[in-house]
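Let me begin by presenting the structure, written as structure tokens, before commenting on it.
Per chain, numbering begins at 1; letters A, B, ... match sequence-line order.
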Amino acid sequence: MRGPLYVLSILTVIFAFLSVYAGGASLFLEGISTALWTLLETTPLILVAFFVVGQMEEAINAEKMNAMLDKHDGFRAVVIVALLGGAFPGPPYTYYPFLARLSDKRMPVYLYFTFLAGKQTYDVTRLPMEVSLIFPHIALIRNLITLPMPIFMAFIYRVVFGRKDTVEFFKGFIGGGDA
Amino acid sequence: MLLPTLVFAAVGIGVFIFNARKEDGRHWRASEDGMRFLLKMLPIVLIAFLLAGFVEVLIPEAFVRDWLSEEAGMRGIFIGTIGGMFMVIGPYAAFPIIASIYVAGGGLGTVVSLIGGWSMMGFHRIPFESGFLGFRFSLIRLSVTFPFVILSGTIAHMIDVFIL
């Protein structure tokens with residue numbers, strides 16, 4: 001958490017100096033007032049967004065996901081896995097360990113890629129942030145355009161890997177170092 | 001902002017009621033977790049807004065017009081995709097910056113490819129991904145994803161040019 005904070009802080013200081021250099025104190029103050037207005041405008045939605053994130057994390061957990069993944073195969077599995085990926089809450093250090101933990105279940109490897117494509121495209125915990133921090137119409141267009149993409153990606157992964165399962169794919173890596 | 005706030009408040013209340021059915025206090029725990037998460041992220045949120053404010057007033061109009069605007073076409077889409085990959089920050093930091101680029105005149109194609117590059121190919125996830133699933137997995141995923149990010153930016157650009 002501290003890494004991004006330091007990087008952002010350094011960048012902010014650099015940009016603050018640049019604003020003074022480029023336009024004097026007035027441009028610096030304009031930058032601050034722009035930031036404050038945007039923050040003020042989006043504060044209610046940010047509060048609600050974090051409330052939703054907390055509730056989603058409680059509603060969908062690794063055990064429920066695991067149970068659903070065990071049940072399905074084929075095109076239906078692709079759609080379900082992509083949606084599950086989008087519904088799976090949390091940052092990378094929650095869903096990558098989850099996938100690594102499932103690797104001995106002999107799941108088709110293309111579903112792993114599909115899960116991540118779904119997570120990175122549909123991420124429901126990111127959606128409130130996207131709508132609140134970016135303009136809603138852009139969020140809508142972006143989501144509509146990318147809606148079918150995880151399914152197309154899954155098709156490519158399926159063609160490439162066929163029925164190859166996770167045990168075969170990750171042989172010698174997970175739990176045994178990079179082969 | 002009122003409509004999205006109301007929509008997400010409704011979603012939040014819905015999931016809150018869903019969690020409350022278990023009657024083990026998990027709905028309150030989830031609310032506390034959400035607010036704790038917000039407090040944890042607050043420094044990043046505030047700094048990201050500040051940075052976004054400076055970006056908005058600093059980006060030269062000529063640069064936006066030539067490299068990121070609707071007129072930049074495919075150039076803006078490629079720059080957006082690559083730029084998004086290098087934005088090694090969370091959504092609360094990335095979105096205000098992307099929004100500031102749009103306000104400064106960035107094209108829809110550029111903005112959509114920025115979001116795609118950041119969300120689907122961001123380098124900040126690679127250490128986790130390659131650590132848990134291997135470099136081969138990351139390389140395959142990035143190779144398949146790249147054309148789709150470019151495609152989504154191109155479709156957005158066409159919407160920008162022909163519809164909006």
Checking [X] against chain B: side chain, backbone, both or neither under 4.5 Å from a heavy atom?
X         : answer
Leu127(A) : both
Ile156(A) : side chain
Leu47(A)  : both
Ala22(A)  : side chain
Leu39(A)  : both
Thr146(A) : side chain
Ile145(A) : side chain

Between [options], which residue shows the highest count of heavy-atom pairs closer than 4.5 Å to chain B?
options                                    : value
Leu116(A), Thr166(A), Thr121(A), Leu144(A) : Leu116(A)
Glu30(A), His137(A), Met129(A), Met153(A)  : Met153(A)
Phe50(A), Phe51(A), Tyr157(A)              : Phe50(A)

message: Do Arg158(A) and Phe113(A) form a cation-pi contact, if we require the NZ or CZ to be under 6.0 Å from the six-membered ring centre and within 45 degrees of the ring's axis?
response: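 Cation-pi check for Arg158(A) and Phe113(A): fails.
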- request: May I ask you to name which of Val15(B), Asp33(B), Val112(B), Leu38(B) has the most heavy-atom pairs under 4.5 Å with chain A?
  value: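 Among the listed options, the one with the most contacts to chain A is Leu38(B).
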query: Do you know which of Ile140(B), Thr145(B), Ile159(B) has the most heavy-atom pairs with chain A at a distance under 4.5 angstrom?
result: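 So the answer, after comparing Ile140(B), Thr145(B), Ile159(B), is Ile140(B).
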field: Main-chain N/O of Pro108(A) paired with Asp165(A) side-chain donor or acceptor, under 3.5 Å
entry: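 Checked: no pair found.
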- prompt: Within the side chain of Tyr112(A), is there an N or O that forms a donor-acceptor pair under 3.5 Å with the backbone of Leu99(A)?
  reply: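 Such a contact is found between Tyr112(A) side chain and Leu99(A) backbone.
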Chain A heavy atoms under 4.5 Å from [X]: which part of the residue, side chain, backbone, both or neither?
X         : value
Val111(B) : side chain
Ile13(B)  : backbone
Ile47(B)  : both
Phe137(B) : both
Ile155(B) : both

- prompt: Using the benzene-type ring in the case of Trp, are the ring centres of Phe54(B) and Phe28(A) under 6.0 Å apart?
  reply: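 Phe54(B) vs Phe28(A): aromatic centres under 6.0 Å.
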query: Below 6.0 angstrom between ring centroids: does that apply to Phe49(B) and Trp37(A)?
result: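 Ring centres of Trp37(A) and Phe49(B) not closer than 6.0 Å.
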- prompt: Any luck finding a side-chain donor-acceptor pair between Gln120(A) and Arg141(B) under 3.5 Å?
  reply: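 The answer is yes; a qualifying pair exists.
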task: Can you label the angle between the Phe16(B) ring and the Trp28(B) ring as parallel, tilted or perpendicular, going by 30° and 60°?
output: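 Rings of Phe16(B) and Trp28(B): perpendicular, over 60°.
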- prompt: Would you call the rings of Phe161(A) and Phe169(A) parallel, tilted or perpendicular, where under 30° means parallel and over 60° means perpendicular?
  reply: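 Phe161(A) vs Phe169(A) ring planes: perpendicular.
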field: Shortest non-hydrogen contact between Val131(A) and Ala139(A), atoms and distance
entry: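 Minimum heavy-atom separation between Val131(A) and Ala139(A): CG2-CB, 4.1 Å.
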Minimum-distance pair of heavy atoms, taken over all atoms of Pro128(A) and Val52(A):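 Scanning both residues, the minimum pair turns out to be CG-CG1, 4.4 Å.
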field: Test: Asp24(B) and Lys22(B) ion pair at under 4.0 Å
entry: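 Salt bridge: no.
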